[in-house]
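Here the structure is laid out as structure tokens; the discussion comes afterwards.
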Amino acid sequence: MERLQKVIADAGVASRRKAEELILNGQVRVNGEVIKTLGVKVSGNDIVEVQGVMIDREKVKKYYLLNKPRGVISSVHDDKNRPTVVDYIDTDVRIYPVGRLDYDTTGLILLTNDGELANLLTHPRNKIPKTYIAKIEGLLNKDDIERLRRGIMIDGRRVVIEDFKIRDKDFDKKTSLIEITIIEGRNHIVKRIFESLKHPVIRLSRIKIAFLEIGKLKSGEYRELTIKEVKKLYSLK
Ligand code: URA
């Protein structure tokens, strides 16, 4: 359920303030009935008309940034009835995740109904950087670091590592925390990089896509992208 004025504003019909005015002036109908008070919420099934013109809800583009928890599937639907990323977003618009994170990977994932932007962000040509924090087994030695610098061969194709930093080392537990930025979108790519170095990933989290960061969002929390952010993403093409 979403507030009526937000639905009108999202449709690009009017600003949020103007939408409120239209409601108060009796120019908005929901399911044929004039609504003159603010704060009414509508669902995707409700028919909203502004000055007699129906809003096409499917045309409204929505963009969400979710901090995906562990144990959640990056798809719209799961045959085994496990929770999906879409379950976390309170919207009536049919959105889907942009790319995927593994079931046990946490962190930043975008969801939208904007196919054009989803394609832009996932197409290798656009070289969109993604940054992860990987907790790995063991400590990297000089040879590992050199291999990361040169890029790692996976299935006969080199994965270029844009950047990596050793964030922390635990000498007692023999684990390390590595920040790694890649532009690759192949499945399980970060796990496969460290597997090939014989340092399996224990935990993985994505913290950044292009300029978008997870920020203060807690696990399971989300926010909508701003118009400015959406425009900036389009400019990455
Ligand atoms: N690389 C992985 O191995 N897993 C993810 O979920 C994302 C990138």
Side-chain angles (χ1 to χ4, degrees), residues 64-80 82-89 95-112 117-140 144-145 147-168 175-215 217-222 233 236:
Y64 300 94
L65 187 164
L66 169 71
N67 184 353
K68 176 192 167 302
R70 185 184 273 261
V72 174
I73 296 281
S74 294
S75 62
V76 176
H77 178 74
D78 182 48
D79 290 340
K80 294 184 202 149
R82 289 171 295 185
T84 75
V85 284
V86 171
D87 295 338
Y88 281 83
I89 314 288
I95 51 166
Y96 47 84
V98 178
R100 48 182 62 224
L101 288 177
D102 294 336
Y103 186 62
D104 58 353
T105 300
T106 60
L108 199 165
I109 189 157
L110 296 173
L111 297 104
T112 185
L117 190 74
N119 284 339
L120 187 160
L121 293 174
T122 48
H123 200 292
R125 181 183 53 210
N126 295 318
K127 297 191 164 59
I128 307 293
K130 300 171 195 92
T131 302
Y132 300 84
I133 301 280
K135 183 178 179 182
I136 59 165
E137 279 180 19
L139 309 171
L140 297 182
D144 297 324
I145 290 173
R147 286 184 66 195
L148 281 169
R149 287 212 178 107
R150 272 188 275 133
I152 306 279
M153 292 299 278
I154 304 231
D155 291 342
R157 241 175 57 215
R158 191 177 300 278
V159 185
V160 177
I161 317 289
E162 296 293 304
D163 195 14
F164 71 94
K165 291 183 195 93
I166 301 170
R167 281 263 201 112
D168 203 8
T175 59
S176 314
L177 219 52
I178 313 291
E179 181 178 321
I180 182 167
T181 302
I182 49 171
I183 53 173
E184 271 261 5
R186 277 188 271 171
N187 276 349
H188 318 302
I189 197 70
V190 176
K191 289 177 186 164
R192 294 174 77 190
I193 289 169
F194 287 106
E195 215 132 85
S196 79
L197 295 176
K198 309 257 176 325
H199 291 288
V201 168
I202 303 165
R203 245 184 11 232
L204 185 63
S205 186
R206 183 156 66 193
I207 56 166
K208 203 169 170 190
I209 297 178
F211 58 88
L212 293 171
E213 298 192 52
I214 201 81
L217 288 179
K218 297 199 182 83
S219 176
E221 284 184 347
Y222 68 92
L233 286 175
L236 300 174

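The shown structure was predicted, so the numbers you read here are calculated from the model rather than taken from an experiment. Every number for a ligand or one of its atoms is a count from 1 in the order of the listing. Residue numbers run from 1 in the order of the sequence given.
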Within-cut-off N or O pair, His188 and ligand 1, under 3.5 Å: yes

Val76 versus Thr84: any side-chain heavy-atom pair under 4.5 Å? no

Give the contacting part of Leu204 toward ligand 1: side chain, backbone, both or neither, where contact means a heavy-atom distance below 4.0 Å. side chain

For the side chain to side chain contact (heavy atoms under 4.5 Å, CB included) test, which of Lys191, Arg206, Glu179 pairs with Tyr132? Arg206

What protein heavy atom sits nearest atom 6 (O) of ligand 1, and how far away is it? Asp102 N, 2.7 Å

Check for a donor-acceptor pair, side chain of Lys208 on one end and backbone N or O of Leu108 on the other, with a separation under 3.5 Å. no

Evaluation steps, salt bridge (charged side-chain N to carboxylate O under 4.0 Å, His left out), between Arg157 and Glu184: CA-CA 11 Å; Arg157 241 175 57 215; Glu184 271 261 5; 3.8 Å; yes

Write out the residue and atom name of the closest protein heavy atom to atom 1 (N) of ligand 1, then the distance separating them to 0.1 Å. Val190 N, 3.1 Å

Applying a heavy-atom cut-off of 4.0 Å, say which part of Thr105 lies close to ligand 1: side chain, backbone, both or neither. side chain

Please determine if Leu101 has a nitrogen or oxygen closer than 3.5 Å to a nitrogen or oxygen of ligand 1. no

Atom 7 (C) of ligand 1 [closest protein heavy-atom partner, distance rounded to 0.1 Å]: Tyr132 CE2, 3.6 Å

Donor-acceptor pair, side chain of Arg186 and main chain of Ile154, under 3.5 angstrom: yes

May I ask you to check whether over 12 heavy atoms, not counting those of Arg192, lie within 6.0 Å of atom CZ? yes

